[in-house]
Amino acid sequence: MRNIAIVEDEDNAARRLEGYVEQYAAQFGQEFRITRFRDGEEFLRDYKPAYAVVFLDIQMPKKDGMEAAVELRRQDKNVSIIFITNLVQYALRGYEVDAVSFLVKPVSYYDFSLKFKKALDIYIMNEDRSFTVSSAGGLCRISTDKLMYVEIMNHRLFYHLIDDVIERTGALSGVEQELSAFGFLRCNKCYLVNPKFIVKVKGCTVQVGDNVLQISRPRRAAFMAELANWYAGSIGGQ
């Protein structure tokens with residue numbers, strides 16, 4: 001059973017969405033647990049990364065949907081966001097928070113079902129490649145598809161994502177064990193890199209995205225062998 005959040009201040013609009021989720025569940029033989037929130041503040045209060053899809057009204061009192069989405073993304077990189085709006089131009093900012101899509105009021109079931117399916121598919125695709133870490137802001141769910149590398153510096157861990165950096169305490173050895181199943185490779189005692197983001201290796205450096213990291217000389221041979229094995233497995237799995 002997957003959790004669905006509806007963040008909507010209008011009762012009629014919220015009931016319509018709840019009904020559509022239930023109709024979709026009956027139509028496709030799925031189960032959902034629906035939780036309704038009346039505004040962004042209520043939704044984000046004590047937020048836990050437990051939702052698959054969030055329907056987020058843009059125009060709400062207290063904290064509007066766009067503000068809520070920005071804060072939500074700091075804590076949950078994996079949840080699928082669908083904006084609800086009266087005006088399309090407001091929803092066009094959705095790319096800033098990696099929203100899946102938007103629905104224009106009054107929402108039709110046909111439009112809802114197409115975009116809800118897309119949101120679920122994206123979430124399910126990323127679910128097995130995600131993990132949760134504790135940070136200063138609480139728990140944060142991260143997709144390994146967005147994690148370029150992990151760095152340890154002055155006993156602090158830094159998760160370098162394509163669009164953010166998350167800081168926490170911990171040991172790189174523990175992270176290495178957790179991320180080994182996702183193909184992450186250690187290039188020296190300070191860095192654990194995602195081979196998906198490796199641009200090139202030159203001498204004792206590896207470029208990960210736009211960042212050039214050092215490969216320790218004792219680790220270089222093993223690192224290159226592990227990287228070759230990863231590439232071979234990646235190509236063979238296609």
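Keep in mind the model is a prediction, meaning the values are calculated, not measured.
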V53 and F32, any side-chain heavy atoms less than 4.5 Å apart: no

Quick one: side-chain contact (heavy atoms from CB on, under 4.5 Å) partners of R16, sequence neighbours excluded? Y20, P106, V107

What's the separation between atom CE in M66 and atom CD in Q59, rounded to the nearest 0.5 Å? 10.5 Å

Taking C-beta and beyond as the side chain, do L147 and L179 meet within less than 4.5 Å on heavy atoms? yes

Answer yes or no: is there a side-chain heavy-atom contact under 4.5 Å between K77 and L161? yes

How many angstroms lie between CE in M224 and CZ in R219, if you round to the nearest 0.5 Å? 12.0 Å

What I'd like to find out is whether the side chain of F102 reaches to under 4.5 Å of the side chain of I58, using heavy atoms alone. no

Do the side chains of D9 and K62 get nearer than 4.5 Å, heavy atoms only? no

Roughly how far apart are Y47 OH and E71 CD, rounded to 0.5 Å? 11.0 Å

Between I81 and V97, which heavy-atom pair has the shortest distance, and what is it? CD1-O, 4.1 Å

May I ask you to check whether over 12 heavy atoms, not counting those of Q27, lie within 6.0 Å of atom CD? yes

For the pair T169 and H155, evaluate side chain to side chain contact (heavy atoms under 4.5 Å, CB included) and give the outcome as yes or no after the intermediate values. CA-CA 7 Å; T169 58; H155 307 292; over 6 Å; no

If every non-hydrogen atom of I84 is compared with every non-hydrogen atom of D57, which pair is closest and at what distance? O-OD1, 3.0 Å

Closest approach of Y231 to P195 (non-hydrogen atoms, all atoms of both residues): OH-O, 4.3 Å

For F197, run the side chain to side chain contact (heavy atoms under 4.5 Å, CB included) check against V208, V206, D145 and tell me which one passes. V208

Path from I122 to L114 over hydrophobic side-chain contacts below 4.5 Å: no

Residue pair D11, R38: steps toward the side chain to side chain contact (heavy atoms under 4.5 Å, CB included) verdict: CA-CA 9 Å; D11 290 339; R38 295 184 179 276; 2.7 Å; yes

With rounding to the nearest 0.5 angstrom, report the CZ to CD distance, R129 to E127. 11.0 Å

For T132 and P49 the tightest heavy-atom approach is CG2-CG, 4.4 Å

With a 6.0 Å cut-off (strictly less than), is the heavy-atom count around CG of D163, excluding the residue itself, greater than 12? yes

I'd like to check W230 versus I198 (side-chain heavy atoms, cut-off strictly below 4.5 Å). Are they in contact? no

Using the rule that Ile, Leu, Val, Met, Phe, Trp and Tyr join whenever any side-chain heavy atoms are under 4.5 Å apart, tell me whether V7 and F83 fall into a single cluster. yes

When you group the ILVMFWY residues by side-chain heavy-atom contacts below 4.5 Å and let the links chain together, are V21 and Y109 in the same group? yes

Answer whether the closest heavy-atom distance between the side chains of L120 and Q30 falls below 4.5 Å. yes

When you measure from the side chain of R36 to the backbone N and O of R15, does any donor-acceptor pair fall under 3.5 Å? no

Minimum heavy-atom distance V175-Y159, with the two atoms named: CG2-OH, 3.5 Å

CG on L227 to CZ on R220, rounded to 0.5 Å: 10.0 Å

Heavy-atom pair of closest approach, residues A119 and S80: O-OG, 2.8 Å

Using a 3.5 Å cut-off and no angle test, enumerate the donor-acceptor pairs between side-chain atoms of residues 184-192 and protein atoms at least two apart in sequence or in another chain.
unit_1: R186; atom_1: NE; unit_2: E176; atom_2: OE1; d: 3.1
unit_1: R186; atom_1: NH1; unit_2: K189; atom_2: O; d: 3.3
unit_1: R186; atom_1: NH2; unit_2: E176; atom_2: OE1; d: 3.0
unit_1: N188; atom_1: OD1; unit_2: C190; atom_2: N; d: 2.6
unit_1: N188; atom_1: OD1; unit_2: Y191; atom_2: N; d: 3.0
unit_1: N188; atom_1: ND2; unit_2: Q214; atom_2: O; d: 2.7

Consider side chain to side chain donor-acceptor pair (under 3.5 Å). Of D164, N126, D98, which one does K146 pass it with? D98

Donor-acceptor check, side chain of R141 to backbone of N78, threshold 3.5 angstrom: yes or no? no

Nearest 0.5 Å, please: how far is CZ in F112 from OG in S101? 12.0 Å

Flag yes if L44 and M60 sit in one hydrophobic cluster, no otherwise; membership is Ile, Leu, Val, Met, Phe, Trp, Tyr, and two members link when side-chain heavy atoms are under 4.5 Å apart. yes

Salt bridge (Lys or Arg N to Asp or Glu O under 4.0 Å) assessment of R45 paired with D39: CA-CA 10 Å; R45 191 180 301 128; D39 58 64; 5.4 Å; no

Checking K48 against D76 for the salt bridge (Lys or Arg N to Asp or Glu O under 4.0 Å) test, could you report, in this order, the C-alpha distance in whole Å, the side-chain angles of both residues, the deciding distance, and whether it holds? CA-CA 8 Å; K48 299 293 187 296; D76 197 333; over 6 Å; no

Who are the side-chain contact (heavy atoms from CB on, under 4.5 Å) partners of N3, not counting sequence neighbours? R33, A50, Y51

Would you say E8 and F55 make side-chain contact, with heavy atoms under 4.5 Å? no

Stepwise, does the side chain to side chain contact (heavy atoms under 4.5 Å, CB included) test hold for L157 with V150? CA-CA 7 Å; L157 288 167; V150 184; 4.2 Å; yes

Is it true that L172 and V193 fall in one hydrophobic cluster, defined by side-chain heavy atoms closer than 4.5 Å? no

Measure up the F37 and F43 rings against each other and bin them: parallel (under 30°), tilted (30 to 60°), perpendicular (over 60°). perpendicular

Is there a side chain to side chain contact (heavy atoms under 4.5 Å, CB included) between Y123 and R2 once you walk through the steps? CA-CA 10 Å; Y123 175 81; R2 303 193 188 282; 3.8 Å; yes

